[in-house]
Every structure is written in C-alpha cells, then in structure tokens.
A.B. asks: 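This is the structure, below, for whatever I ask next.
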Amino acid sequence: MSKRDEIVSNIKGLISKSLNNIAKNEYEVVVEVPPNPDMGDLAIPLFSYTNILKMKPFEIANIIKNDIEKDPTIYESVVKGPYLNIFLDRNSIFDSIVEDILSKGDNFAKQKTNNIKVVLEFSSPNTNKPLHLGHCRNNVLGAFISNIYRFCGYTLTSINLINDRGIHICKSMLAYKLFGNGATPESEHKKSDHLVGDFYVKYAIEEKNNPDLEKQAKGMLVDWENNDSDTIELWKKMNGWAISGMKETYKRMGIEFDSFEYESNNYLLGKDIVLDGLSRGLFFREADNSVWVDNSDVGLDKKALLRSDGTSIYITQDLGTAKKRHDVYNASRFIYVVGSEQNYHFDTLFATLKKLGYSWADSCFHLSYGMVNLPEGKMKSREGKVIDADNLMDLLFGLAKSEIDERNKDISEDEKNYIAEKVALSALKFYLLNFSTSKDIMFIPEKSISFDGNTGPYIQYTTSRINSLITKYGSNSLKFDSSDYKFNQDEWNVIYQLLNFEDVVLKSCDNLSSVELTTYIYELSKRFNKFYHDNPILSESENIKNVRLNISIATLQVLKIGLRLLGIEPLDRM
RNA sequence: GAGCCUAUAGCUCAGUUGGAUAGAGCAUUAGAUUGCGGAUCUAAAGGUCGGAGGUUCGAGUCCUCUUAGGCUCGCCA
C-alpha cells in the first residue's frame with residue numbers, strides 16, 4: 001500500500017466513523033483532489049449523504065470536520081459549499097515521503113515480486129522495409145509496458161516476432177532479382193534495411209506498368225515454400241540485411257527484447273489446431289475444402305482458417321503461435337502490442353481460441369494503439385510516404401546538436417554528441433508516449449517535436465539543473481529540523497506531488513497507459529521549476545537550505561525513476 | 001451496407017468510478033534574471049466540449065438519435 005493510500009484510507013475510515021455517529025449505515029466515502037491547490041489537498045463531496053441523513057451537505061461537513069481534525073495527519077479542514085476540504089499535515093508528510101525516497105533510491109515505489117508471468121509481444125516488423133514512425137510508437141510503448149510491468153513486480157518476457165515470410169517479402173525480393181544488379185549495402189553505401197526497402201518501393205512502381213509481377217511474386221512464395229535453393233538464398237541474404245539494419249535501429253533507440261521469434265519458423269503452426277477443431281465440430285469445411293470458423297455467436301463473422309489447398313493463412317499461424325506461446329511460457333497474461341487496424345483480427349483470434357476451449361484465451365490482450373498520421377494523410381510505405389525511424393532520429397539529433405552548440409562552448413565534441421543523442425531520443429519517446437494509447441495521432445514533422453514546454457528535453461533540463469545544484473551544494477546527510485518548519489505553497493506543491501508518484505505508477509501499470517506517467521512527470525517538473533525559480537536555496541539559513549536541497553534530491557530521484565520507466569535515460573548535464 | 005473507434009481553445013493534446021470556475025503545451029501579447037543552469041518563471045487572451053434530446057442534486061464523462069472523419073469487414077500479413 002502506498003503512502004498516499006494509507007493517508008486516504010485512514011481519512012475514509014475517520015469519515016465513515018463520523019457519519020456512523022450520526023446514523024448507522026454503510027457509507028461509501030469518495031476522496032477527491034480539489035481543483036485548486038489553495039483549496040486543500042483532499043476534498044470530500046457530501047452530496048450523496050443528503051438523502052440518507054436528511055441534512056444539507058454543509059451541515060454534514062461541519063459535523064465531520066469536528067470529528068476528524070484531531071487526527072495527526074490532518075492540519076485543518078475547511079467547509080466549502082458541499083465539500084469538506086482537507087489540508088494535510090505538511091511536516092509529517094515531508095518527513096516520511098522524503099525519508100522513503102532517499103532511503104529506497106532507485107527502488108522507491110517499486111513493487112514486490114508477485115510471481116505473475118506475463119508475455120509481451122511488440123514491434124514485430126516485416127522484413128521488407130526499414131522501421132518507420134509507426135514502429136517507433138509501437139517500440140516505445142512496448143518498452144514502457146515492459147519496464148512498468150517489471151517495476152510493478154511482474155515477471156515479463158518480451159518477444160519480437162519478425163514477419164520474415166509472405167508475399168510482401170517476396171515483392172522486394174523479386175524487385176531485387178529483376179532490377180538489383182547485385183547491389184549490396186556496401187556497393188550502394190546504404191544502411192542494409194534501407195536498401196531492402198528501396199526495392200519494395202521499386203516493386204510498387206513497376207507493378208503499375210506490369211501486372212504480371214504479382215504472379216511472379218506469388219510464384220516466388222511457392223518456390224520459397226518448396227525450398228527452392230536460389231529463392232531461399234536470396235531470402236536469407238535480404239532478410240539478413242533487413243534484420244541487421246533493424247537491430248541497429250533498435251540499439252540506437254534503446255529497445256531490447258528477451259527473445260526474437262521468426263514467422264518463417266512458425267508458419268506451419270496452427271494447422272493441427274484447426275484440424276482438431278474441425279474434428280470436434282467447432283469449425284466447418286466448405287465444398288471447396290477450405291476450413292472456416294463461424295464467430296457470429298459472439299458478434300463477429302465467419303472467417304477462413306485454412307485455404308482450399310490446405311495451406312495456412314495469417315490467423316492460422318497466430319492460433320498456433322498463441323498456443324505454442326502458452327505451452328512454452330505458461331504465463332497468466334499475453335499482451336500483443338499491435339496497431340488498431342488489427343482490432344478485428346485480434347477479436348477473431350481470441351474468440352476462436354476461446355471456441356477451441358482454451359481457458360487461457362481470456363488472458364490474451366490486444367494492446368491496440370492508434371495510427372500515426374501525417375498532414376498529407378496516412379503513411380503508406382509502398383509509396384515511400386513514410387517517416388523513417390533512422391532519418392527522424394538523425395533530424396532530431398541535428399536539432400538538439402545545434403541547440404547545444406549555442407549554449408555550451410566549453411565541453412568536448414564527444415560529450416555534445418552524446419547529449420544531443422539523448423535529448424533527441426527523449427524528445428521522440430516522450431512525445432510518442434504523451435498521447436492516449438488508443439488514439440490516432442497527428443505527426444507534423446516541423447511542429448510536433450519541440451524542446452520547450454511539455455517535452456522530454458524539458459524534463460531532462462530539470463534533472464540536469466537539480467543535478468548541478470546538488471553536486472555543488474551537497475547531497476549527503478544533510479541535517480535539518482523540519483519540526484517547526486513552515487512549508488510554503490511552492491515547496492508543498494512539490495512534496496505533495498512526490499507523495500502521488502507510487503499511485504501513478506500503479507495506475508499506469510494497471511491501465512497500460514503511459515500518458516498518466518508522462519503527465520505526472522511533467523507536472524512534477526513544472527512544480528519543481530516554479531519552486532526553484534521563486535525560492536532561493538542558498539541565501540537562507542542552513543536549515544532552510546537543507547530542507548530545500550532535500551526536496552530537490554527527492555524530486556531528482558523520482559524524475560529519474562519516471563524517465564527510466566518511459567525508456568528515457570536521465571541526463572546529469574545538457 | 002455492417003462492426004469498431006474518434007470529435008474538447010487557432011494548432012497538437014490531457015481530462016480518473018459522473019463533482020467545485022473544463023486544463024496543458026505550442027503559437028500570440030505583455031512581463032521577470034546581482035545568486036543555485038533563461039531549454040526557466042509570471043500573466044493576459046483564447047471554449048455553445050460536433051449537434052439535438054434524455055437520465056439526476058450535478059454530464060466533456062452515462063443513454064438514445066444525428067452529423068463528420070478514421071479503421072476494419074481477403075483463402076493478404
């Protein structure tokens with residue numbers, strides 16, 4: 001239970017006890033936060049008791065007020081209209097929360113291991129083109145889920161399922177075969193996955209003039225499945241290029257996986273399951289020999305599970321992969337981070353698993369995220385109308401670098417580059433995580449990424465600033481006496497926000513939602529910067545200085561934990 | 001045509017189980033620095049929460065209808 005939870009549930013207890021003094025009943029006590037910090041730290045709305053107690057809200061408030069004010073955690077309470085607003089005792093909270101943060105360090109707000117196993121699949125790119133902005137959203141989201149689940153005590157395994165097989169892969173292979181002239185990344189001085197992507201675009205262009213190419217691509221897939229040695233060799237070569245290029249991108253982004261799986265190893269899975277379902281009468285066979293499931297009983301539609309020639313399709317593989325994944329990991333939760341355009345597919349997949357009688361079907365969850373749109377419309381990789389992940393990082397790096405060049409004359413070129421890279425990545429990651437996951441987002445290249453305001457670099461700036469403060473003025477064993485310290489509103493706003501951190505972490509984890517954490521971190525930084533700006537730390541007494549330094553140290557610690565959960569590396573200097 | 005999703009300030013977005021005067025950032029305007037980092041801080045201006053009904057003490061939030069946009073509906077992945 002978090003510190004804040006303890007305080008809130010104590011207050012709930014006090015209030016329901018007080019209400020029971022008026023009339024015995026079961027009361028549900030709601031605790032909220034007032035719209036304005038000046039109004040108090042907690043607010044109790046009293047509308048819902050009026051009918052039971054036959055009293056007006058402010059009359060109830062006055063009775064409760066007298067009962068609860070004796071409690072040591074409460075400094076005072078104020079009746080305001082139909083609300084009872086509570087001011088907490090700042091000194092005792094400061095003592096306990098700061099002590100908690102400083103003693104636990106990086107483990108502050110970390111939850112105990114709960115022995116629940118989770119499998120998380122994310123990224124899962126196709127090997128026919130480089131990673132683009134849409135993958136970036138997927139990657140940072142996946143990394144965030146991975147971080148926060150582990151921080152909250154789960155045992156998590158992350159998987160990248162590489163889609164290295166299929167007609168779309170054959171398309172770039174075919175274009176290379178026809179027009180490649182033996183080009184290599186070395187000969188073209190190109191990142192290897194970009195070279196592969198060029199041929200995917202080339203295919204799309206050529207296909208417009210030559211519809212026969214599609215037949216050839218299909219033929220190539222058949223050759224691939226028949227283990228045709230030339231085709232397999234070409235596939236291995238181009239796949240190798242695609243994957244090694246992507247791994248560079250992952251490395252630069254700081255995205256890691258516990259395991260890579262390859263669809264080329266999985267594509268035969270699932271057939272047995274479908275045939276088993278057929279024999280149990282759960283599926284049906286059409287006259288042309290194809291096998292279908294009818295999910296209309298759960299509001300979905302009919303869906304083919306095996307082609308008439310007996311080969312498997314996308315959903316067949318996914319059924320098999322899901323079953324295998326369950327058998328291997330025996331986890332209690334399976335999360336798939338996949339774009340919202342596949343909502344229907346996952347509904348069908350999970351419904352079919354359930355129809356097959358797999359009890360674990362209910363533990364599968366599609367974490368659906370919205371598409372990334374550009375001002376010109378949807379990204380289309382076939383037309384080359386994409387924002388490429390590598391280019392985007394280069395662009396951001398350049399912007400950050402020129403900022404740093406202007407500000408810092410006296411640091412080495414190496415350090416400038418290091419900082420520019422971290423600033424660029426923090427901008428990108430924070431930006432992408434600062435949206436509601438399920439919503440589509442609009443990415444305007446010139447305007448979207450900025451370093452001012454509600455951004456990653458703003459948070460980085462705050463951590464750098466605090467770091468510089470405490471390295472100059474001390475961080476260890478700062479003695480202070482807070483017993484009769486009068487915390488002002490600026491100081492308290494920071495302390496109170498620190499108190500909320502653990503709850504935000506738990507909520508972000510439960511809701512698989514990054515925006516709650518980004519909002520929190522930004523708010524904490526903002527409160528700190530205001531406090532820092534208006535409250536000189538050095539010019540006051542030793543005691544004041546030490547109290548304020550401790551607020552600063554605790555803030556830095558919480559910001560660092562929060563940034564790391566978002567997959568952003570905190571900076572000591574920028 | 002059917003299913004799902006979205007609509008909040010000029011732009012990009014937050015808004016908890018329904019609660020107080022609907023909030024940020026950017027852009028705009030006006031300010032702040034003898035201290036500890038100005039990638040900072042303060043303030044102004046900016047809204048019929050797509051529209052219409054309904055539920056109730058109370059609706060951006062829930063229900064119905066409606067308008068606009070997006071995604072999906074393949075024996076592609």
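Letters A, B, ... are given to chains in the order of the sequence lines, protein chains preceding strands, and every chain is numbered from 1.
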A.B. asks: Would you mind telling me which residue lines up with the more 5' stretch of RNA chain B, A:Tyr522 or A:Asp440, judged by nearest nucleotide?
C.D. replies: A:Tyr522
A.B. asks: Taking a pair as Watson-Crick or G-U wobble with both distances under 3.5 Å, which nucleotide is matched to B:A22?
C.D. replies: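 Result: none.
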A.B. asks: Let me know, please, whether A:Gly166 or A:Val30 comes out on the 5' side of the other along RNA chain B by nearest nucleotide.
C.D. replies: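 The residue mapped nearer the 5' terminus is A:Val30.
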A.B. asks: Quick one: which of B:A14, B:G37, B:C76 gets closest to the side chain of A:Met574?
C.D. replies: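 Taking heavy atoms from C-beta onward, the closest nucleotide is B:G37.
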A.B. asks: I'd like the P distance from B:U28 over to B:U33, given in whole Å.
C.D. replies: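 Going atom to atom, P in each nucleotide, I get 22 Å.
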A.B. asks: The side chain of A:Asn454 lies closest to which of these nucleotides: B:A24, B:U17, B:U12?
C.D. replies: B:A24
A.B. asks: What is the separation between atom CD on A:Glu214 and atom P on B:C76, rounded to the nearest whole Å?
C.D. replies: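 These atoms are roughly 11 Å apart.
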A.B. asks: Out of B:A77, B:C41, B:G38, which has the shortest distance to the side chain of A:Tyr461?
C.D. replies: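 Of the options given, the side chain of A:Tyr461 lies nearest B:G38.
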A.B. asks: Counting only side-chain nitrogens and oxygens, does A:Ser436 get under 4.0 Å of the OP1 or OP2 atom of B:A14?
C.D. replies: yes
A.B. asks: For a quick test of reading the model: is some side-chain N or O of A:Arg465 closer than 4.0 Å to OP1 or OP2 of B:G38?
C.D. replies: yes
A.B. asks: Do A:Phe451 and A:Tyr458 have their ring centres less than 6.0 Å from each other?
C.D. replies: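 No, they do not, as the ring centres are separated by 6.0 Å or more.
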A.B. asks: Using a cut-off of 6.0 Å, state whether more than 12 heavy atoms not belonging to A:Lys80 lie near its atom NZ.
C.D. replies: no
A.B. asks: Look through every strand shown and name the nucleotide pairing with B:G1 as Watson-Crick or G-U wobble, where both distances are under 3.5 Å.
C.D. replies: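 Base-paired to B:C73.
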A.B. asks: With both distances under 3.5 Å as the test, what is the Watson-Crick or G-U wobble partner of B:A7?
C.D. replies: B:U67
A.B. asks: Once you round it to whole Å, what is the distance between C1' of B:G37 and OH of A:Tyr473?
C.D. replies: 11 Å
A.B. asks: Check the distance between B:U33's C1' and A:Asn535's CG and give it to me in whole angstrom.
C.D. replies: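 Between C1' of B:U33 and CG of A:Asn535: 15 Å.
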A.B. asks: In whole angstrom, give the distance that lies between atom CZ of A:Phe58 and atom P of B:A20.
C.D. replies: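 The answer, rounded to whole Å, is 21 Å.
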A.B. asks: Please tell me whether A:His168 and A:Asn163 have a donor and an acceptor in their side chains that are separated by less than 3.5 angstrom.
C.D. replies: no
A.B. asks: Between B:G35 atom C1' and A:Leu538 atom CG, what is the distance in whole Å?
C.D. replies: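 A:Leu538 atom CG is separated from B:G35 atom C1' by 7 Å.
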A.B. asks: Would you kindly give the CZ-to-C1' distance between A:Phe435 and B:G25, to the nearest whole Å?
C.D. replies: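 These atoms are roughly 11 Å apart.
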A.B. asks: I want to check one thing: is the phosphate of B:U12, taken as OP1 and OP2, less than 4.0 Å away from some side-chain N or O of A:Tyr431?
C.D. replies: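 Indeed not, no polar side-chain atom of A:Tyr431 lies that close.
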A.B. asks: Let's test this: given Watson-Crick or G-U wobble pairing with both distances under 3.5 Å, identify the partner of B:U42.
C.D. replies: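 Matched B:U42 with B:A30 under the 3.5 Å cut-off.
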A.B. asks: Taking NZ from A:Lys507 and C1' from B:G15, how many angstroms apart are they, rounded to a whole number?
C.D. replies: 11 Å
A.B. asks: With a cut-off of less than 4.0 Å, is there a side-chain N or O of A:Ser450 near OP1 or OP2 of B:C26?
C.D. replies: no
A.B. asks: I want to verify a distance call: between B:C76, B:G37, B:C41, whose nearest atom is closest to the A:Asp534 side chain?
C.D. replies: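 For A:Asp534, the side-chain atoms sit closest to B:C41.
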A.B. asks: Could you measure between the two C1' atoms, the one in B:G50 and the one in B:U67, and give it in whole Å?
C.D. replies: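 The same atom, C1', in both gives a distance of 7 Å.
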A.B. asks: Give a yes/no on whether any side-chain N or O of A:Lys56 is located under 4.0 angstrom from OP1 or OP2 of B:C57.
C.D. replies: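 No, no such contact exists.
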A.B. asks: Could you identify the nucleotide paired to B:U61, looking across every strand shown and requiring Watson-Crick or G-U wobble geometry with both distances under 3.5 Å?
C.D. replies: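 Pairing partner, where one exists within any strand: none, as none qualifies.
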A.B. asks: Calculate the interatomic distance between A:Asn546 atom CG and B:C36 atom P; express it in whole Å.
C.D. replies: 18 Å
A.B. asks: Return yes if the base of B:A27 and the side-chain atoms of A:Asp452 contain a donor-acceptor N/O pair under 3.5 Å, otherwise no.
C.D. replies: no
A.B. asks: Quick one: is A:Arg307 getting a side-chain N or O under 4.0 Å of the B:C76 phosphate, OP1 or OP2?
C.D. replies: yes
A.B. asks: Do the two ring centres, one from A:Phe199 and one from A:Tyr203, sit under 6.0 Å apart?
C.D. replies: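 No: the rings miss the under 6.0 Å criterion.
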A.B. asks: Has A:Arg137 got a side-chain atom pairing as donor or acceptor with A:Thr437's backbone, closer than 3.5 angstrom?
C.D. replies: yes
A.B. asks: For A:Lys416, look at atom NZ and say whether over 12 heavy atoms of other residues, nucleotides or ligands are found less than 6.0 Å away.
C.D. replies: yes
